[in-house]
Amino acid sequence: MNKITRRQALGTTAGALTVLGLTAAATGVATSAAATPAASTPQGTVAEVYQGRRIQITPGGAGHHGGHHSPGQPTVRIDGRELHIMRNADGSWISVINHYETFTEPRLLARAAVRDLQGAPLVPFGGAA
């Protein structure tokens, strides 16, 4: 009489999901580490294509948020649409796409936003497309 109990089934399921989650997390970390540049983002304009999306970073004053909100703050655009970014007191960066994770430079922040968007278009505040 080998009947599986509900507790055993839940334990097995939880273990399998944990393994899957750890595998996915390890794959994401490896992909993120491979995409991280060795040097810091240079001062000036950055234009690159990352995972099929065009990322443009211009020095402060070149865009809407870089001008009147924080002088000197860079403007980040994904496929031509501005990504609102904010600088923390410790010098790290966050965005409205992923405000739970901080980044050391705007380029890494933009790449993380592209990954988090998963192909969806960047929509400006207010929902206007």
Side-chain angles (χ1 to χ4, degrees):
M1 204 121 132
N2 282 337
K3 284 193 168 187
I4 188 168
T5 65
R6 188 179 306 169
R7 182 174 290 181
Q8 290 171 328
L10 288 174
T12 302
T13 302
L17 290 175
T18 301
V19 169
L20 289 174
L22 291 175
T23 303
T27 303
V29 169
T31 303
S32 176
T36 304
S40 176
T41 303
Q43 296 295 329
T45 302
V46 175
E48 69 178 14
V49 176
Y50 179 73
Q51 292 187 354
R53 307 291 292 267
R54 183 163 179 77
I55 297 174
Q56 298 168 304
I57 304 173
T58 54
H64 175 73
H65 289 98
H68 71 273
H69 285 293
S70 299
Q73 180 170 307
T75 300
V76 177
R77 294 184 180 278
I78 298 175
D79 294 335
R81 294 192 170 170
E82 188 171 355
L83 172 65
H84 183 73
I85 63 171
M86 297 149 279
R87 187 166 196 146
N88 294 325
D90 65 356
S92 61
W93 296 89
I94 59 173
S95 74
V96 296
I97 300 295
N98 185 349
H99 55 271
Y100 296 110
E101 187 177 2
T102 60
F103 299 91
T104 56
E105 59 179 280
R107 178 182 286 183
L108 298 177
L109 177 139
R111 288 178 174 181
V114 166
R115 286 190 303 273
D116 289 345
L117 284 169
Q118 298 180 357
L122 182 62
V123 179
F125 286 121

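For this chain, numbers begin at 1 and follow the sequence in order. In what follows, every heavy atom counts, from backbone to side chain, and hydrogens, waters and symmetry copies are set aside.
Atom CZ of Arg54 is separated from atom CZ of Arg77 by 12.0 Å, given to the nearest 0.5 angstrom. Rounded to the nearest 0.5 angstrom, Leu109 CG and Ile97 CD1 are separated by 9.5 Å. Summarising the geometry, atom CD belonging to Gln56 is positioned 10.5 Å from atom CD1 belonging to Ile78; distances are rounded to the nearest 0.5 Å. Here the straight-line distance linking atom CD1 of Ile57 with atom CZ of Arg107 works out to 6.5 Å at 0.5 Å rounding. Interatomic distance, His84 NE2 to His99 NE2, rounded to the nearest 0.5 Å: 11.5 Å. Separation of atoms CD (Gln51) and CD (Glu48) is listed at 10.5 Å; rounding is to 0.5 Å.
Using a 4.5 Å heavy-atom threshold, the side chains of Leu83 and Leu122 count as touching. Arg115 places none of its side-chain heavy atoms less than 4.5 Å from the side chain of Asn98. Looking at Ile85 and Pro74, their side chains come closer than 4.5 Å, going by heavy atoms from C-beta outward. Residues Val96 and Met86 form a side-chain contact, since some pair of their non-hydrogen atoms from C-beta on lies under 4.5 Å apart. Taking 4.5 Å as the limit, every side-chain heavy atom of Trp93 sits out of range of all side-chain heavy atoms of Leu108.
For Ser92, the side-chain contact (heavy atoms from CB on, under 4.5 Å) test picks out Asn88, Asp90, Thr102, with sequence neighbours left out. The side-chain hydrogen bond (donor to acceptor under 3.5 Å, both in side chains) check on Gln118 picks up nothing, with sequence neighbours excluded. The side-chain contact (heavy atoms from CB on, under 4.5 Å) test applied to Thr13 returns Leu17, not counting sequence neighbours.
The two residues Ala110 and Ile55 make their nearest non-hydrogen contact at CB-CG2, 3.6 Å.
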